[in-house]
Amino acid sequence: MRIVPLIFTLLAAFIFSGCGKILYRSAAKAYHKGLENQPYDAVIVPGFPYNGEKWDMVLQMRIHWAYYLFSNGYTKNVIFSGSAVATPYIESRVMATYAEALGIPKANLFTEEKAEHSTENVYYSYRLAKKLGFSKIALATDPIQTSYMRKFIRRFELPIGLLPTVVDTLKIMNLYEPEIDPKNTTREGFVKLSDRENFFQRFRGTMGKYIIWHEEDLKKKRYRRRYKNRMIAASAESKEL
């Protein structure tokens, strides 16, 4: 097992910037508030691309944080989310493989493999959690992603708590990269998202415009109306093709 540098070294420039300090304090506050409702049935951990050689700093943070929450009893299960987006590797499968190597039992690991955007990570994992019978659910990711996913969760009134990464905790953890065999984590016929969607299409995806909603989750009438109109337009367009 290779030892990687402490996350503090990698994030120092960001943390001590003005914006970094604000996000850092906000994440720590949200984490302690989220702990009031633990243990959770499951935490949702959004995916990040894997290059097949070495895990990225973001992968390092998210996977070790999931392990930390599980090993401390703050969550009973972990749902990793993400399709093959930038590389042929299915992000959620790679992350689950790493998490199992860290020590989370396979029976407590689940993967959502359809999401290609952050908002989809959250919503499709939420639906998977409900399907699995989980009721207490939280999002567990880095402070940056938490800051804008919190807005999405609030906007649609999704019953999802927050357990964002606390950098002070990561600083004292051994953030090593375990050896894994990723042979069963690739997707055949892979075409990366940037070759299938232009910038504006990807931006719309990030804003949640392509989510296939369950009507019961759209609490506000205007959202239900907009979604129905979008589905009608999409259906008419597909018929023309």
Side-chain angles (χ1 to χ4, degrees), residues 11 14-15 19-38 40-49 56-66 68-69 74-75 77-83 85-86 91-92 95-96 99 110-130 134-167 169-170 193 201-214 217-220 223 227:
L11 292 180
F14 172 75
I15 292 172
C19 180
K21 289 180 180 179
I22 293 173
L23 287 179
Y24 173 70
R25 290 195 297 267
S26 177
K29 183 178 179 180
Y31 169 72
H32 290 294
K33 182 178 180 180
L35 281 185
E36 295 175 3
N37 295 316
Q38 59 89 16
Y40 289 89
D41 293 325
V43 293
I44 296 167
V45 183
F48 193 83
D56 185 274
M57 179 184 70
V58 177
L59 274 178
Q60 178 193 53
M61 287 194 301
R62 294 183 186 178
I63 299 169
H64 269 283
W65 188 244
Y68 173 81
L69 296 175
Y74 300 149
T75 184
N77 301 282
V78 178
I79 298 174
F80 288 106
S81 173
S83 182
V85 179
E91 296 170 6
S92 55
M95 295 174 82
F110 301 89
T111 60
E112 182 290 307
E113 302 180 6
K114 182 169 63 174
E116 296 186 321
H117 303 280
S118 298
T119 47
E120 294 173 2
N121 287 141
V122 174
Y123 183 65
Y124 292 153
S125 294
Y126 165 70
R127 291 303 309 184
L128 174 60
K130 291 189 66 173
F134 301 150
S135 56
K136 291 179 64 177
I137 308 158
L139 174 66
T141 188
D142 54 81
I144 297 174
Q145 191 172 52
T146 297
S147 68
Y148 62 90
M149 285 301 98
R150 182 194 334 232
K151 297 175 183 177
F152 172 76
I153 290 169
R154 288 178 175 174
R155 178 184 178 190
F156 291 99
E157 302 176 25
L158 297 173
I160 301 174
L162 299 174
L163 287 176
T165 304
V166 177
V167 176
T169 302
L170 287 177
L193 184 64
Q201 289 173 320
R202 297 197 301 276
F203 179 75
R204 284 177 58 83
T206 299
M207 299 301 293
K209 299 300 184 180
Y210 306 139
I211 291 176
I212 306 300
W213 286 91
H214 288 244
D217 296 324
L218 294 170
K219 308 293 192 305
K220 297 178 181 179
Y223 293 147
Y227 181 66

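Heavy-atom basis, side chains included; hydrogens, waters and symmetry copies ignored.
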Could you give the distance from [atom1] ([X]) to [atom2] ([Y]), rounded to the nearest 0.5 Å?
| X | Y | atom1 | atom2 | result |
| --- | --- | --- | --- | --- |
| Leu128 | Lys114 | CG | NZ | 10.0 Å |
| Arg155 | Thr119 | CZ | OG1 | 10.0 Å |
| Ser118 | Ile144 | OG | CD1 | 11.5 Å |
| Glu36 | Lys33 | CD | NZ | 7.5 Å |

With a 4.5 Å heavy-atom cut-off, do [X] and [Y] have their side chains touching?
| X | Y | result |
| --- | --- | --- |
| Leu69 | Leu163 | yes |
| Thr141 | Met61 | no |
| Arg127 | Lys130 | yes |
| Phe152 | Leu158 | yes |

- Applying ring pair (Phe, Tyr, Trp, His ring centres under 6.0 Å) to His117 and not counting sequence neighbours gives none

If you look at every heavy atom in [X] and [Y], which pair is closest and at what distance?
| X | Y | result |
| --- | --- | --- |
| Ala28 | Val166 | CA-CG2, 4.3 Å |
| Pro49 | Leu59 | O-CD1, 3.8 Å |
| Val85 | Ala115 | CG2-O, 4.3 Å |
| Val122 | Ile44 | O-CD1, 3.8 Å |
| Ile160 | Ile153 | O-CG2, 3.8 Å |
| Asp142 | Gln145 | OD1-N, 2.9 Å |

Could you give the side-chain donor-acceptor pairs of residues 205-213 under 3.5 Å, partners two or more places apart or in another chain?
unit_1: Thr206; atom_1: OG1; unit_2: Arg202; atom_2: O; d: 3.1
unit_1: Tyr210; atom_1: OH; unit_2: Gln201; atom_2: O; d: 3.0

- Task: Determine whether the aromatic ring centres of Phe80 and Phe48 lie less than 6.0 Å apart.
- Result: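 Ring-ring flag for Phe80/Phe48: false, centres at least 6.0 Å apart.
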
Does [X] use its side chain to pair, donor to acceptor, with the backbone of [Y] at less than 3.5 Å?
| X | Y | answer |
| --- | --- | --- |
| Asp41 | Lys136 | yes |
| Thr75 | Asn77 | yes |
| Trp65 | Val45 | no |
| Lys220 | Phe156 | no |
| Ser92 | Gly82 | yes |
| Tyr40 | Gly34 | yes |

- Take atom OH in Tyr148; do more than 12 heavy atoms of anything else shown fall under 6.0 Å from it? yes

- Inspect the surroundings of NZ in Lys219 and state if more than 12 heavy atoms from other residues, nucleotides or ligands are less than 6.0 Å away.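 Correct, the count exceeds 12.
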
- Item | Donor on one side chain, acceptor on other, Ser83 and Glu91, under 3.5 Å |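 There is no such pair between these side chains.
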
- For the pair Ile137 and Val43, evaluate side chain to side chain contact (heavy atoms under 4.5 Å, CB included) and give the outcome as yes or no after the intermediate values. CA-CA 6 Å; Ile137 308 158; Val43 293; over 6 Å; no

- Residue of the set Met149, Arg62, Glu120 for which side chain to side chain contact (heavy atoms under 4.5 Å, CB included) holds with Pro46: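 That would be Arg62.
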
- Could I get the full list of side chain to side chain donor-acceptor pair (under 3.5 Å) partners for Ser81, not counting sequence neighbours?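 Partners of Ser81 under the side chain to side chain donor-acceptor pair (under 3.5 Å) test: Glu112, Asn121, Ser125.
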
- Taking the six-membered ring for Trp, are Tyr126 and Tyr123 parallel (under 30°), tilted (30 to 60°) or perpendicular (over 60°)? tilted

- Task: For the residue pair Tyr74 and Tyr31, categorise the inter-ring angle as parallel (less than 30°), tilted (30 to 60°) or perpendicular (more than 60°).
- Result: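 If you compare the ring of Tyr74 with that of Tyr31, the planes turn out perpendicular.
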
